[in-house]
Student: 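First the structure, then my questions, so here it is.
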Amino acid sequence: MAQACHAAQVIIALVPIVGIGFSALVIFFALLWKHTEIKLRISKNTYNPPVFNWKLFALFSGLCLIGTGISISVVFILISGLTYGLLGGIIPLVLGIMLLIFYKLISDGK
């Protein structure tokens, strides 16, 4: 019985290691495939670089962070009052407000 217990512990310890290894392989080959595809498209003059929409990113992430920050802050205030743990909700709240200010500045500039 003791042998089976040690074997089970070894298998349980190896599962995350093997999972991380296979995940790294999949990510590596996906990046290699994407890189090769982009190289071929550049050589054929059919590559269009992606355009990132900063306005939409600032708006969406700002709203998500404000919602998360408010809900976490309310829960922490109800559970433990005004403690340092409240920073876990105030920090995303302030980051969300800053992103919405950034969105407003970008919108006014264009």
Side-chain angles (χ1 to χ4, degrees):
M1 185 71 174
Q3 292 294 341
C5 183
H6 292 298
Q9 288 177 349
V10 169
I11 291 172
I12 289 173
L14 288 177
V15 167
I17 296 170
V18 171
I20 290 170
F22 278 131
S23 300
L25 271 172
V26 168
I27 290 171
F28 171 75
F29 283 113
L31 290 173
L32 181 65
W33 179 41
K34 185 69 174 173
H35 173 69
T36 307
E37 178 188 6
I38 289 174
K39 277 184 8 183
L40 290 172
R41 292 183 76 189
I42 288 172
S43 68
K44 302 282 186 189
N45 287 331
T46 60
Y47 178 69
N48 294 325
V51 178
F52 190 76
N53 189 350
W54 286 103
K55 285 176 59 175
L56 185 62
F57 172 76
L59 177 64
F60 178 70
S61 57
L63 291 173
C64 287
L65 282 170
I66 284 179
T68 304
I70 288 174
S71 61
I72 291 174
S73 296
V74 167
V75 168
F76 282 159
I77 286 174
L78 292 176
I79 290 175
S80 61
L82 296 175
T83 62
Y84 285 114
L86 187 58
L87 287 174
I90 291 176
I91 291 172
L93 177 65
V94 171
L95 286 174
I97 291 170
M98 292 299 120
L99 280 170
L100 289 182
I101 290 172
F102 177 69
Y103 171 76
K104 184 65 176 160
L105 290 175
I106 288 176
S107 297
D108 288 345
K110 290 186 178 180

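All residue numbers refer to positions in the sequence shown, counting from 1.
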Student: Considering non-hydrogen atoms only, spot the tightest contact between Gly85 and Phe76 and give its length.
Tutor: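 Closest heavy-atom pair between Gly85 and Phe76: O-CD1, 3.1 Å.
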Student: Treat each ILVMFWY residue as a node, draw an edge where side-chain heavy atoms are under 4.5 Å apart, and state whether Tyr103 and Phe60 are in one component.
Tutor: no
Student: Drop me the distance from Ile66's CD1 to Leu93's CG, to the nearest 0.5 angstrom.
Tutor: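 Going from CD1 on Ile66 over to CG on Leu93, the span is 6.5 Å.
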Student: To the nearest 0.5 angstrom, please state how far the CG atom of Leu25 sits from the CD1 atom of Ile20.
Tutor: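 Here the interatomic distance stands at 12.5 Å.
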Student: Just verifying a value: how many Å separate Phe102 CZ and Ser61 OG, rounded to the nearest 0.5 Å?
Tutor: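 Going from the CZ atom of Phe102 to the OG atom of Ser61 covers 9.5 Å.
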Student: Look up atom CD1 in Ile106 and atom CD1 in Ile101, then write down how far apart they are to the nearest 0.5 Å.
Tutor: 12.5 Å
Student: Shortest non-hydrogen contact from Leu86 to Ser73?
Tutor: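 Closest approach of Leu86 to Ser73: CD1-O, 3.5 Å.
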Student: Can you measure from CD (Gln9) to CG (Leu14) and round to the nearest 0.5 angstrom?
Tutor: 12.0 Å
Student: Does atom CG of Leu82 have more than 12 heavy-atom neighbours from other groups under 6.0 Å away?
Tutor: no
Student: Cluster question for you: counting only ILVMFWY and a side-chain heavy-atom cut-off of under 4.5 Å, with indirect links fine, are Ile38 and Leu40 together?
Tutor: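 In one cluster: no.
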Student: Any chance OH of Tyr47 has more than 12 other-residue heavy atoms, nucleotides or ligands included, within less than 6.0 Å?
Tutor: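 Yes.
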Student: Linking directly or through intermediates, with side-chain heavy atoms under 4.5 Å: list the remaining ILVMFWY members grouped with Leu87, chain and number order.
Tutor: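 Result for Leu87 is Leu65, Tyr84, Ile91, Leu95, Leu99.
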Student: With a 4.5 Å limit on heavy-atom distance, are the side chains of His6 and Val10 in contact?
Tutor: no
Student: Hey, what else clusters with Leu31 if you join Ile, Leu, Val, Met, Phe, Trp, Tyr whenever side-chain heavy atoms sit under 4.5 Å?
Tutor: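 So far as hydrophobic clustering goes, Leu31 is joined with Ile27.
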Student: Can you tell me if Phe29 has over 12 outside heavy atoms packed within less than 6.0 Å of its CZ?
Tutor: no
Student: Do you reckon Val75 sits in the same ILVMFWY cluster as Val94, going by side-chain contacts under 4.5 Å, direct or chained?
Tutor: no
Student: Would you compute the distance between atom NZ of Lys55 and atom CG of Leu105 and round it to the nearest 0.5 angstrom?
Tutor: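 So the gap between those two atoms works out to 12.0 Å.
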